[in-house]
Peer 1: 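Below is one structure. I have some questions about it.
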Amino acid sequence: MKNVWLQENKWQDVEGYLKTKKTILVPFGSVEQHAHHLPLGTDSFLAQKVAEDVGRSTNTLVAPPVWTGWAPHHMAYPGTITLRPETLTAVAEDTLQSLIYHGFEKILIVNGHREANLPPLKIAMTRLRNKTGAFIAIVDAFYFNAEAGKRLRKSAPGGIGHAEELEASHMFYLYPELCDPAKTATNIADKHPFLQHDPYAEGDRVLTASDVAGYREATNGIGLMGDAAPSDAVTGEAYHKAFLENLTELIRYCEEEVKVNVRKPDIPL
Ligand SMILES: [Zn+2]
């Protein structure tokens, strides 16, 4: 394919692609506040760049990105746009069903809105798996790039959360012109271990939900959860490369080892 983005091709290009390859990447993000040092589009920019880079190196098509996600807690700060979870599930389901209708059989969702987009996306994935038999996987940095994240982090437990060092380093590497490294901060709260939000911290925990006022308070009126102070572009580069390596292997695995028996769905109506 000349163009890695589906929307930059002609329909005949897609028809030709599907004769030899059935895999496609679909980036999902969020438009939400990312403290004083990162832009609102951070989650979408990162998902799109990871998908684009690996799409290029493996000749895999990338579907148009879904920019907005489920981010009600971030409405505490201006500029955030949130979909209702039902809307995100519907957007994901209709987008993927359209792709499966045309013959894509293995779909990798690259989710930049780590963790928070997962409930609506998992519902869409489960419905389509049962409806069509297609292989669908969600690539979420908290889970998929976890080994690199644990290795590269410098902050204390509680340091990984939102707009913190891993996300900031990744952005400083890829989009330095949109970032303000001088405005990083630290916000590691002293809380009961059960309420720990850092995905790489040890220990048992519960899941809780934030309301808008509570999230504003928990993020110190800045929008940061965790520690952004140790962020740097060199770490971001290592994190990005590990992500691409993982995703390259996942695409290889999908294409060579995953067997599917896909039933063509109706068009979404
Ligand atoms: Zn983010």
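The basis for the numbers below is simple: all heavy atoms, side chains too, and nothing from hydrogens, waters or symmetry mates. Just follow the structure's listing: the first ligand is 1, and inside any ligand the first atom is 1.
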Peer 1: Out of Asp140, Thr68, Asp43, which residue meets the side-chain hydrogen bond (donor to acceptor under 3.5 Å, both in side chains) rule with His113?
Peer 2: Asp43
Peer 1: Return the orientation label for the Phe104 and Tyr17 ring planes: parallel under 30°, perpendicular over 60°, tilted otherwise.
Peer 2: tilted
Peer 1: Would you tabulate the side-chain donor-acceptor contacts of residues 175-185 under 3.5 Å, counting partners in other chains and residues two or more places apart, or write 'none'?
Peer 2:
| residue | atom | partner | partner atom | Å |
| --- | --- | --- | --- | --- |
| Thr184 | OG1 | Pro181 | O | 3.4 |

Peer 1: Can you check whether Phe45 and Trp67 have ring centres sitting under 6.0 Å from each other?
Peer 2: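 Yes, the ring of Phe45 comes within the 6.0 Å limit of the ring of Trp67, centre to centre.
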Peer 1: Closer than 2.8 Å to the Zn ion (ligand 1), how many protein N/O/S atoms do you count?
Peer 2: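 Under the 2.8 Å cut-off, the count stands at 3.
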Peer 1: Classify the ring geometry between Tyr239 and Phe243 as parallel (under 30°), tilted (30 to 60°) or perpendicular (over 60°).
Peer 2: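 Perpendicular.
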Peer 1: Would you say the ring centroid of His162 lies under 6.0 angstrom from that of His74?
Peer 2: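 Yes: the rings meet the under 6.0 Å criterion.
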